[in-house]
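To start, the structure itself, in C-alpha cells.
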Amino acid sequence: MVLASALLATLGLVSTASAGASKGVELGASDTEGVTMSAASARGLRGVSSYEGTGVPSDVTAYGAQRVPAGHRIEGYSSPTGDDFGTQSIIGADGRVRVNPTTSFPARATVLITRTVSGVERLHCTGWMFGASLVLTAGHCVFNQSTGWYTGQLRFYPGANGTTYPYGSCTAATLRSNTGWTVDGSADADYGGASLNCSIGNTTGWYGAYWTTASLNGTSTTIQGYPGDKSQQQWIHSDQVRVSNSLRLYYDNDTVGGNSGSSVHTVRAAGSSGCSGRCSLAFHAYGVGSGAHNSGPRITESRFNLVLGWR
C-alpha cells in the first residue's frame with residue numbers, strides 16, 4: 001500500500017559554490033524534494049555505514065587539531081535563534097542520561113559546537129562527524145536568517161566532556177548548507193555542516209546515514225549531544241519515529257536548546273543493507289513547539305547525495 005506520495009518542486013542535488021556566496025562558505029542547490037514513501041521497506045534504500053575510528057590519540061595535533069589547555073572556559077548556552085531553551089522539548093518525564101566517559105564510539109564522534117562573539121565563547125549547538133573532516137549539524141547552527149553565516153565564529157570539540165576535551169578542537173575551513181534553508185528559510189531544509197581544518201574523524205570515527213522510500217514509523221531513534229542545561233556534558237535519550245513525513249521526521253526524544261544539529265540515529269546490525277552501525281535518519285532541529293513531537297529534517301536521497309559530496 002502506498003502510504004504517501006509527496007514531491008515538491010526542486011532543483012538538482014549538486015553541491016556547488018553558489019554565485020554570490022561569501023568566501024569560506026558553500027551552498028547546495030535548493031532542496032525541497034521529499035521521498036515518495038513506499039510500503040516496500042527494502043526499496044530505494046541506500047547509505048553508508050558508520051566507522052568507529054581508532055580511539056583516543058596520543059597527540060591530537062597529529063590530526064591537525066589543537067590541544068585545549070586545562071581550565072579552558074566555555075560559557076553557558078546561547079541560542080543561535082534567540083529562543084531560550086526550556087522544558088517544552090522534554091516530553092513527559094525527563095528521560096535523558098549522561099554519557100560519561102565520552103571516549104567510546106559514537107560519543108567521541110558527537111561534537112560540541114561553540115560560538116565566540118565579542119571574545120566570549122559559548123555553547124552553541126551539537127554536530128556529528130560524517131567523515132574525517134566533516135561535521136554535520138542543523139542549518140541554523142551555521143547560518144542565521146538575520147545575520148548570515150557564522151564564519152570565523154565556530155569551534156568544534158569532538159567528544160567534549162564537561163571541562164575535558166580528549167580530542168582537542170578544530171575550526172571550520174568551509175561552512176555548508178543549502179538554499180532551502182539559507183534562501184527559503186524552510187524548517188524542513190534546516191541542515192548544514194562544516195568542513196574542518198583537521199582530520200580528527202580518523203580517530204573519533206563517524207556516523208553512517210541512509211535514506212529510504214519506506215515509512216520509518218516505529219524505527220528506534222537515539223539523540224545524544226550537548227543540551228544547554230548540562231554544562232558541556234553529553235547526554236542521551238532514545239525513542240522511536242512517531243511520524244514520517246516526506247521531508248521531516250517526528251519523535252519524542254527529550255532535548256533542549258544546544259541539542260540542535262544532533263544526529264537522529266538508529267542502530268543497524270552488521271551487514272545490514274545500505275548502512276550498519278550508527279545510522280543517521282535526520283538532523284535534530286526543533287522542539288515540540290505547537291506540535292506533538294520534536295522533529296528534524298529527514299535524510300532524503302537528495303540530501304544524502306549532497307552531504308556525501310561534502311566529504
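Predicted model, so just to flag it, every value in this text is computed and none were measured. Note: hydrogens, waters and symmetry copies are ignored here, and every other heavy atom, side chains too, is used.
Looking at heavy atoms from C-beta onward, Met129 lies in side-chain contact with Val111 at the 4.5 angstrom threshold. Side-chain contact check for Phe130 versus Ser280: every heavy-atom pair is 4.5 Å or farther apart. The shortest side-chain heavy-atom distance between Ser177 and Trp149 falls under the 4.5 Å cut-off. Taking the side chain as every heavy atom from C-beta outward, Leu249 and Val264 never approach each other to under 4.5 Å. At a threshold of 4.5 Å between non-hydrogen side-chain atoms, the residues Tyr77 and Asp229 do not count as touching. Taking the side chain as every heavy atom from C-beta outward, Arg46 and Asn305 approach each other to under 4.5 Å. Residues Arg242 and Asp252 form a side-chain contact, since some pair of their non-hydrogen atoms from C-beta on lies under 4.5 Å apart. Using a 4.5 Å heavy-atom threshold, the side chains of Leu247 and Arg303 count as touching.
Side chains of Asn161 and Arg98: a donor-acceptor N/O pair is present below 3.5 angstrom, by distance only. There is no side-chain donor-acceptor pair under 3.5 Å between Gln153 and His124. Looking only at atom types and distance, the side chain of Asp190 has a donor-acceptor partner in the side chain of His140 under 3.5 Å away. For Arg176 and Ser195, the side-chain atoms include at least one donor-acceptor pair closer than 3.5 Å. For the residue pair Ser133 and Ser199, no side-chain donor N or O sits within less than 3.5 Å of a side-chain acceptor on the partner. Defined by atom type and a distance below 3.5 Å, a donor-acceptor pair is missing between the side-chain atoms of Gln233 and Tyr226. Checking Thr61 against Asp59 by side-chain atom types alone, a donor-acceptor pair falls below 3.5 Å.
Atom OG1 in Thr174 sits 10.0 Å away from atom CG in Asn197 (nearest 0.5 Å). Atoms OG1 and CZ, on Thr102 and Arg108 in that order, are 10.0 Å from each other to the nearest 0.5 Å. Rounded to the nearest 0.5 Å, atoms CZ (Phe143) and OG1 (Thr182) are 5.0 Å apart. From Ser273, atom OG reaches atom CG of Leu45 across 5.0 Å, with rounding to the nearest 0.5 Å. The CZ atom of Arg73 lies 9.5 Å from the CD atom of Gln232; values are rounded to the nearest 0.5 Å. Atom CD1 in Ile200 sits 8.5 Å away from atom CG in Asn202 (nearest 0.5 Å).
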So Thr203 and Val56, side chain to side chain contact (heavy atoms under 4.5 Å, CB included) or not? Walk me through it. CA-CA 7 Å; Thr203 185; Val56 181; over 6 Å; no

Side chain to side chain contact (heavy atoms under 4.5 Å, CB included) between Trp235 and Ile223, intermediate numbers included: CA-CA 8 Å; Trp235 288 68; Ile223 292 179; over 6 Å; no

Let's go through Val307 and Tyr191 carefully: what are the C-alpha distance in whole Å and the side-chain angles of both, what is the deciding distance for side chain to side chain contact (heavy atoms under 4.5 Å, CB included) to 0.1 Å, and is it a yes or a no? CA-CA 10 Å; Val307 300; Tyr191 69 94; 4.2 Å; yes

Verify side chain to side chain contact (heavy atoms under 4.5 Å, CB included) between Arg298 and Asn245, making sure each step is shown before the conclusion. CA-CA 8 Å; Arg298 177 178 183 161; Asn245 282 355; over 6 Å; no

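Asp94 contributes no side-chain N or O that, together with a main-chain N or O of Asp254, makes up a donor-acceptor pair within less than 3.5 Å. A donor-acceptor contact shorter than 3.5 Å links the side chain of Ser50 to the backbone of Arg278. A donor-acceptor contact shorter than 3.5 Å is absent between the side chain of Gln224 and the backbone of Ser238. Under the 3.5 Å distance criterion, the side-chain polar atoms of Asn294 are matched with a main-chain donor or acceptor of Ser89. Panel note: side chain Trp128, backbone Gly208; no donor-acceptor pair is recorded below 3.5 Å. Remark: side-chain polar atoms of Ser262 are paired, donor with acceptor, to backbone N or O of Asn259 under 3.5 angstrom. Between the Tyr251 side chain and the Ser295 main chain, a donor and an acceptor come within less than 3.5 Å of each other. For Thr266 (side chain) and Ser220 (main-chain N/O), a donor-acceptor pair under 3.5 Å exists by modelled atom type. A donor-acceptor pair under 3.5 Å is absent between the side-chain atoms of Thr300 and the main chain of Trp211, judged by distance alone. Looking only at distances, a side-chain donor or acceptor of Ser272 sits under 3.5 Å from a matching main-chain atom of Ala269.
Evaluation of the ring-ring contact (aromatic ring centres under 6.0 Å, His included) rule for Phe156 yields no partner, not counting sequence neighbours. Tyr250 is linked by a ring-ring contact (aromatic ring centres under 6.0 Å, His included) to nothing, counting only residues two or more places apart in sequence or in another chain.
With hydrophobic clusters built from ILVMFWY side chains whose heavy atoms lie under 4.5 angstrom apart, Ile236 does not share a cluster with Tyr207. Hydrophobic clustering (ILVMFWY, side-chain heavy atoms < 4.5 Å, transitive): Val68 and Leu123 are in one cluster. Tracing side-chain contacts under 4.5 Å through hydrophobic residues (I, L, V, M, F, W, Y), one reaches Val142 starting from Tyr286; they form part of the same cluster. Phe105 and Tyr167 are members of different hydrophobic clusters when ILVMFWY side chains are connected at heavy-atom separations under 4.5 Å.
The two atoms that bring Val241 and Thr221 nearest to each other are CG2-CG2, 3.5 Å, heavy atoms only. Shortest non-hydrogen contact noted between Ala107 and Val99 is CB-CG1, 3.8 Å. Residues Pro227 and Val256 approach most closely at CB-CG2, 3.4 Å, considering heavy atoms. Between Ser260 and Ala285, the shortest heavy-atom distance links the atoms OG-O, 3.7 Å. Residues Ala160 and Tyr165 come closest through the heavy atom pair CB-CD2, 3.8 Å. The two atoms that bring Pro158 and Thr204 nearest to each other are CB-CG2, 3.9 Å, heavy atoms only.
The cationic atom of Arg268 (NZ for Lys, CZ for Arg) lies less than 6.0 Å from the six-membered ring centre of Tyr210 and within 45° of the ring axis.
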